[in-house]
Amino acid sequence: MAVRRLEIGAFGGPEVIRVVEDAALPAPGPGEVRIRVEASSLVFTDMLIRRNLYPVLKLRLPLTLGYDLVGRIDGVGPGVTRWRIGDRVADLSQTGGNATHVVRPAAMLVPVPAGLAATQAEPLILSYLTAYQALFREAEAKPGDPVLIYGASGAVGLAALDLCRAFGLPAVGVASARREPAVTGLGAAFVAYDAAGASGTLDRLSREHGGFKAILDAARGEALSSVMARLAPGGRLVALGFSAAFRKAYRTGDASPGLFARLRFAFDFLRIKALSLRSGASRRVTFYDISGRRTRHPQDFEDDLSTLFSLLEAGRIAPRIQHVFGLEEAVEAHRLIEAGQVEGRLVLDLASPIGTDAERTRTGSAP
Ligand SMILES: NC(=O)c1ccc[n+]([C@@H]2O[C@H](COP(=O)([O-])OP(=O)(O)OC[C@H]3O[C@@H](n4cnc5c(N)ncnc54)[C@H](OP(=O)(O)O)[C@@H]3O)[C@@H](O)[C@H]2O)c1
């Protein structure tokens, strides 16, 4: 049986992605398992890794893309006692998940309930867990607390709004004007960042709420001082993404993000880091990093992801999946991500029998 995976041999645009085939299955070593992957990520973060813009990971080429995965264990290495062949698991791989088979350390895998479809469960790992931990672990938000979300129509933003709806937190979402139905459809108030007077509207909403208990910033599109001023006393700004730095470059069709976007990205990242180190108890700034947090608090990762799986099973959350792609279609998916054409999530389906018509002629409406 062959392994098929999405590899990049050079950093760059979607065109550097290729589907490669390895004749032999990898063998799990001590403390490892092999996973037959069913679904994996196609997200903004995969794009940052493809362009070598991901700040917290040292990347070596060639590499297989894929920040997370859901699959079934089909090989167990020596010394592994928790898992057996056939168990369903989830993992945060950072790279490597976009493959039909992967070998992963057994220690930090999380069980996936048998009844969940892999393509529904996969968005919970990176996108929903980020939103969940930012809201409830970092900002310590409680039901009733007002929340403001920048980048509200993206994968993390819509996940955060879905969780606010599920847990009863009044939310305001900021995204571009065309995204209003997606944001209001989850019960949130909407402000278009590209509308005249958006900043004044956000100031007014902040006053009406007595300040926001939590601000999740997935976009970094507005001056930090304005964002901070909208926090309630004791509130928390959780910085987690920088998508605004790249939007303009991609929308104008730049082949590369351009020097300005790269410099702004680096500047925003360093500024948030510095602020998070200096901020006081009254209005705090935190930089959230899902992988770093998992290393420091592995039990939280398992507990929170298990909670999300339970919420999905109970029908209390519903990931917004714009389209499911097969391996051969992944370049097209990355083009949509770069063009800002994704509302919610794209998912890579690796469960269809390899090389069959089912894989090539996937169902679902084209985005
Ligand atoms: N720290 C972590 O652990 C962690 C985990 C997951 C993701 N992330 C990061 O978080 C960011 C978002 O990830 P994602 O997967 O949600 O990306 P995404 O699906 O591409 O969404 C990005 C969103 O940003 C919005 N946006 C762009 N410019 C904006 C602005 N000026 N103001 C408000 N919203 C704006 C876009 O809205 P429009 O399309 O309407 O313009 C889009 O909905 C990325 O930088 C990603 O790398 C970090």
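Order of listing sets the numbers, starting from 1, for every ligand and every atom in it.
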* With sequence neighbours excluded, give me every ring-ring contact (aromatic ring centres under 6.0 Å, His included) pair touching residues 155-176. =>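 Qualifying pairs: Phe136-Phe167.
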
Within a distance under 4.0 Å of any heavy atom of [X], pick out the atoms of ligand 1 and give their elements.
X	answer
Gly241	9 (C), 10 (O), 11 (C), 45 (O)
Val156	6 (C), 7 (C), 16 (O)
Ala219	26 (N), 29 (C), 30 (C), 32 (N), 33 (C), 34 (N), 35 (C)
Leu240	1 (N), 2 (C), 4 (C), 8 (N), 9 (C), 10 (O), 48 (C)

* Asked: Which residue from Arg179, Gln322, Gln133 reaches closest to atom 39 (O) of ligand 1 through any of its heavy atoms?
  ->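 When every heavy atom of Arg179, Gln322, Gln133 is considered, Arg179 comes closest to atom 39 (O) of ligand 1.
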
Report yes if [X] has an N/O atom closer than 3.5 Å to an N/O atom of ligand 1; otherwise report no.
X	value
Phe44	no
Gly221	no
Phe242	yes
Thr130	no
Gly154	yes
Asp289	no
Tyr193	yes
Phe287	no
Ile290	yes

* At under 4.0 Å between heavy atoms, which part of Arg178 makes contact with ligand 1: side chain, backbone, both or neither? ->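 Only the side chain of Arg178 comes within reach of ligand 1.
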
* Asked: How does Leu48 reach ligand 1, by side chain, by backbone, by both or by neither, if only non-hydrogen atoms under 4.0 Å count?
  ->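 It is the side chain that gets close, since no backbone atom is under 4.0 Å.
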
* Asked: What's the verdict on salt bridge (Lys or Arg N to Asp or Glu O under 4.0 Å) for Arg165 and Asp162, showing C-alpha distance, side-chain angles and the deciding distance?
  -> CA-CA 5 Å; Arg165 186 188 48 74; Asp162 197 17; 2.3 Å; yes

* To do: Dump the intermediate steps for salt bridge (Lys or Arg N to Asp or Glu O under 4.0 Å) on Glu140 and Arg284, then the final yes or no.
  => CA-CA 12 Å; Glu140 297 173 357; Arg284 299 193 61 193; over 6 Å; no

* Glu343 near ligand 1 by a heavy-atom separation under 4.0 Å ->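 No, Glu343 has no heavy atom closer than 4.0 Å to ligand 1.
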
* How about Ser199 and Arg230: does a side-chain donor come under 3.5 Å of a side-chain acceptor? -> yes

* To do: Go through the side-chain N and O atoms of Tyr288 and Gln133 and say whether any donor and acceptor fall under 3.5 Å apart.
  =>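 There is such a pair between these side chains.
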
* Asked: Val37 and Val20: same hydrophobic cluster, using ILVMFWY side-chain contacts below 4.5 Å?
  ->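 As far as the 4.5 Å side-chain criterion goes, Val20 and Val37 are not connected within one cluster.
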
* Search all heavy atoms of Ala175 against all heavy atoms of Arg179 and return the closest pair with its distance. =>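 Nearest pair, atom of Ala175 first, then Arg179: CB-CB, 3.9 Å.
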
* Is Arg294 close to Leu129 at the side-chain level, that is, under 4.5 Å between some pair of heavy atoms? ->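 With C-beta onward as the side chain, the pair stays apart.
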
* With a 4.0 Å cut-off, would you call Arg36 and Asp74 a salt bridge? -> no

* Do you know which of Ser127, Ser41, Ser291, Ser40 makes side-chain hydrogen bond (donor to acceptor under 3.5 Å, both in side chains) with Tyr67? ->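 Exactly one candidate clears the test, Ser291.
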
May I have the list of side-chain donor-acceptor pairs in residues 210-218 shorter than 3.5 Å, sequence neighbours left out?
unit_1: Asp217; atom_1: OD1; unit_2: Ala219; atom_2: N; d: 3.0
unit_1: Asp217; atom_1: OD1; unit_2: Arg220; atom_2: N; d: 2.7
unit_1: Asp217; atom_1: OD2; unit_2: Arg220; atom_2: NE; d: 2.8
unit_1: Asp217; atom_1: OD2; unit_2: Arg220; atom_2: NH2; d: 2.7

